[in-house]
Enquirer: 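Let me begin by handing over the structure; questions about it come next.
Each chain gets a letter, A, B and so on, in the order the sequences are listed, and its residues count up from 1.
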Amino acid sequence: MSAGPADQIFALVDVNNMYVSCERAFNPKLRGRPVVVLSNNDGCAVARSNEVKALGVKMGAPWFEMKDLVRQHGIIGLSSNYTLYGDMSNRIMTILRTYSPNVEVYSIDESFLNLAGMSSLWESPSAMGQDIRAKILQWTTLPVCVGIGSSKTLAKLANHVGKKVPLFDGVCDFTTMSAARERWLLERIAVGEVWGVGRRIGAALEGMGITTVQALKDTEPRDMRARFGVVMERTCNELRGLSCLALEEIAPPRQEIVSSRSFGELVTSVDELAEAVTLYVARAGEKLRGQHSVCGAIHIFIQTNPFRRQDEQYSNGVSIPFAEPTADNRELTGAALRGLRRIYRPGFRYKKAGVMLMDLSPDKGGQGTLFESGRPRGESQKFMAVFDALNKRYGKDTLQLASAGTSNRWAMRAGNRTPKYTTSWQELPTVRAK
DNA sequence: TCTGGGGTCCTAGGACCC
DNA sequence: TCTGGGGTCCTAGGACCC
């Protein structure tokens with residue numbers, strides 16, 4: 001068989017109880033003790049040690065509801081320290097890059113590796129997995145599990161098995177496993193464990209009698225598409241070992257940037273809300289400029305505490321477009337505060353506020369996508385002026401003039417990226433200014 | 001000038017992920 | 001008394017354009 005999707009090998013490396021493990025790395029006294037890491041304002045659990053999971057504490061459980069368990073079992077609650085977790089995450093990603101040049105950092109505690117072509121370096125994929133585990137433990141003290149499969153979905157599933165079944169010692173490889181053994185395992189995993197099957201779809205599948213991963217794998221992907229859509233069809237194909245999701249090594253720039261927080265104490269005045277909103281805009285704006293984008297609109301929202309049934313509830317949001325896309329903090333803040341004044345109502349006790357930067361596009365610094373588009377007639381002069389300026393800046397090799405679709409719209413791009421809404425590009429052989 | 005079909009672009013809502 | 005903060009993709013429908 002020729003090299004193709006069917007011959008892919010992916011590994012998923014994932015840190016066990018990431019935030020708790022990071023805290024334990026710097027405070028060994030926490031080892032073996034029941035530990036939870038808490039969200040902002042110490043509101044609810046965002047990470048749990050195995051000891052806490054064994055007590056039945058769910059992800060997202062409010063800290064105050066654990067009071068009894070805290071007393072009985074001495075659960076230790078820690079405020080989260082995202083700077084620390086980010087730093088530890090970077091160390092792990094650096095180690096992983098010594099195993100494969102093709103790494104996708106999927107989240108703060110998970111990475112996919114493409115192992116295609118690496119097999120000659122190792123006795124087996126599992127041997128490599130065990131080496132990864134040992135090295136990360138030795139260099140960072142963080143425990144990880146490794147799942148290996150011929151699609152990302154199978155690698156995720158293998159990771160789950162490696163974590164749950166002690167026999168595997170933290171590393172599970174579906175690619176070298178006998179079909180019978182794989183089937184035996186998949187028949188014993190609930191369908192909801194599959195990547196892409198959440199609460200709603202999981203319930204719908206169970207209603208159809210599809211309760212295990214194996215049962216989902218045995219369905220006809222086409223039928224699943226008819227019932228649930230193309231995402232589900234892809235998931236089924238991935239379960240069958242047909243890789244549909246490519247490794248994404250380069251993180252694309254964000255399409256929206258959110259900054260929001262719950263308040264520790266309820267807020268009533270517009271001034272306090274304005275102070276919070278100003279801070280959120282500054283944070284979001286930093287991210288925006290960090291990815292060299294500008295935003296075309298900003299959204300502001302505020303809400304009361306829905307858990308306080310005795311309070312009258314109010315929530316509202318408003319989106320404010322900019323005449324010209326911007327990343328300027330003064331403009332962003334000005335618009336946000338104007339929006340806040342429009343939605344603020346006195347007399348409510350507010351719990352949360354946030355801003356969202358939307359309609360993001362690259363600034364002239366160039367993420368390598370659509371810069372400018374228009375029609376050949378009428379707008380060509382403006383168009384050519386922009387083209388000339390960008391051409392001077394980036395050079396002919398990276399900047400192309402193209403026509404999109406059949407509507408004779410013209411667009412420019414730098415690099416290889418295709419604008420969001422353009423389905424077909426035909427590159428024009430020559431560029432003539434009028 | 002006429003018309004239909006192909007295409008773009010936007011929005012809201014729903015589902016999922018960590 | 002106390003309940004997180006981010007993100008993504010897909011779909012359907014409609015306005016508008018040539």
Enquirer: Tell me whether the rings of A:Y19 and A:Y82 are parallel (<30°), tilted (30 to 60°) or perpendicular (>60°).
Expert: perpendicular

Enquirer: Ion pair present between A:E312 and A:R345, side-chain N to carboxylate O less than 4.0 angstrom?
Expert: no

Enquirer: Phosphate oxygens OP1/OP2 of C:dG6: is one of them under 4.0 Å from a side-chain N or O of A:S260?
Expert: yes

Enquirer: Which whole-number value in Å describes the distance from A:L245 CG to B:dC17 P?
Expert: 13 Å

Enquirer: Would you say A:F168 and A:D173 make side-chain contact, with heavy atoms under 4.5 Å?
Expert: no

Enquirer: Please indicate whether A:E275 has more than 12 foreign heavy atoms, meaning atoms of other residues, nucleotides or ligands, lying under 6.0 Å from its CD.
Expert: no

Enquirer: Under 4.0 Å between any heavy atoms, over every strand shown, what does A:D42 touch: base, sugar-phosphate, or nothing? Just pick one.
Expert: nothing

Enquirer: Could you state the atom-to-atom distance from CZ of A:R349 to C1' of C:dT3 in whole Å?
Expert: 16 Å

Enquirer: Check whether any side-chain heavy atom of A:V197 lies under 4.5 Å from a side-chain heavy atom of A:L216, and answer yes or no.
Expert: yes

Enquirer: So A:I201, base contact, sugar-phosphate only, or nothing? Heavy-atom distance under 4.0 Å.
Expert: sugar-phosphate

Enquirer: Can you tell me how far P of C:dC2 sits from CZ of A:F64, to the nearest Å?
Expert: 8 Å

Enquirer: Between C:dT3 and A:K352, is there an OP1 or OP2 to side-chain N/O distance shorter than 4.0 Å?
Expert: no

Enquirer: Can you tell me the distance, in whole Å, between the NZ atom of A:K351 and the C1' atom of C:dT3?
Expert: 8 Å

Enquirer: Nearest of C:dC10, C:dG7, C:dT3 to any side-chain atom of A:V258?
Expert: C:dG7

Enquirer: A side-chain contact here means heavy atoms from C-beta on lying under 4.5 Å apart; do A:L245 and A:W195 qualify?
Expert: yes

Enquirer: Look at the side chain of A:W195 and decide which nucleotide, out of B:dC17, C:dT1, C:dG4, has an atom nearest to it.
Expert: B:dC17

Enquirer: Taking only the side-chain nitrogens and oxygens of A:N41, find out if one of them lies under 4.0 Å from OP1 or OP2 of C:dT3.
Expert: no

Enquirer: Rounding to an integer number of Å, can you tell me how far A:L360 CG sits from B:dC10 C1'?
Expert: 16 Å

Enquirer: Can you tell me if the side-chain N/O atoms of A:N40 get under 4.0 Å from OP1 or OP2 in C:dG5?
Expert: yes

Enquirer: State which of C:dT3, B:dC18, C:dG4 makes the closest approach to the side chain of A:S39.
Expert: C:dG4

Enquirer: Check every atom of C:dC9, B:dC18, C:dC2 against the side chain of A:Q255 and return the nucleotide holding the closest atom.
Expert: C:dC9

Enquirer: Without decimals, in angstroms, what is the distance between A:K152 NZ and B:dC18 P?
Expert: 12 Å

Enquirer: Answer with base, sugar-phosphate or nothing: what part of the nucleic acid does A:S80 contact at a heavy-atom distance below 4.0 Å?
Expert: nothing

Enquirer: Select base, sugar-phosphate, or nothing to describe what A:D109 touches, counting heavy atoms under 4.0 Å on all strands.
Expert: sugar-phosphate

Enquirer: Please state how far atom CG in A:L266 lies from atom P in C:dT3, giving the value in whole angstrom units.
Expert: 8 Å

Enquirer: Any side-chain N or O of A:S259 less than 4.0 Å from the OP1 or OP2 oxygen of C:dG5?
Expert: no

Enquirer: Please confirm whether the shortest side-chain N or O distance from A:R308 to OP1 or OP2 of C:dC2 is below 4.0 Å.
Expert: yes

Enquirer: Classify A:E256 by what it touches in the nucleic acid, base, sugar-phosphate, or nothing, heavy-atom distance under 4.0 Å.
Expert: base

Enquirer: Would you indicate what A:V37 reaches in the nucleic acid, counting non-hydrogen atoms under 4.0 angstrom: base, sugar-phosphate, or nothing?
Expert: nothing

Enquirer: Tell me which nucleotide, if any, is Watson-Crick or G-U wobble paired with B:dA12 when both distances must be under 3.5 Å.
Expert: C:dT11

Enquirer: By the 4.0 Å heavy-atom rule, please label A:F228 as base, sugar-phosphate, or nothing.
Expert: nothing

Enquirer: So do the side chains of A:E238 and A:K152 get within less than 4.5 Å of each other, counting heavy atoms only?
Expert: yes

Enquirer: Quick check on C:dC9: is either OP1 or OP2 less than 4.0 Å from any side-chain nitrogen or oxygen of A:R234?
Expert: no

Enquirer: Touch check for A:G229, heavy atoms < 4.0 angstrom, all strands: base, sugar-phosphate only, or nothing?
Expert: nothing

Enquirer: Base, sugar-phosphate, or nothing for A:I257, non-hydrogen atoms under 4.0 angstrom?
Expert: sugar-phosphate

Enquirer: Does a side-chain N or O of A:K287 approach OP1 or OP2 of C:dG7 to a distance below 4.0 Å, or not?
Expert: yes

Enquirer: Using atom CE of A:M232 as one end and atom C1' of B:dG14 as the other, report the distance to the nearest whole Å.
Expert: 16 Å

Enquirer: Which of these nucleotides, C:dT8, C:dC10, B:dC18, is closest to any side-chain atom of A:S107?
Expert: B:dC18

Enquirer: Determine: side-chain N/O of A:K156 to OP1/OP2 of B:dC18, distance under 4.0 Å, yes or no.
Expert: yes

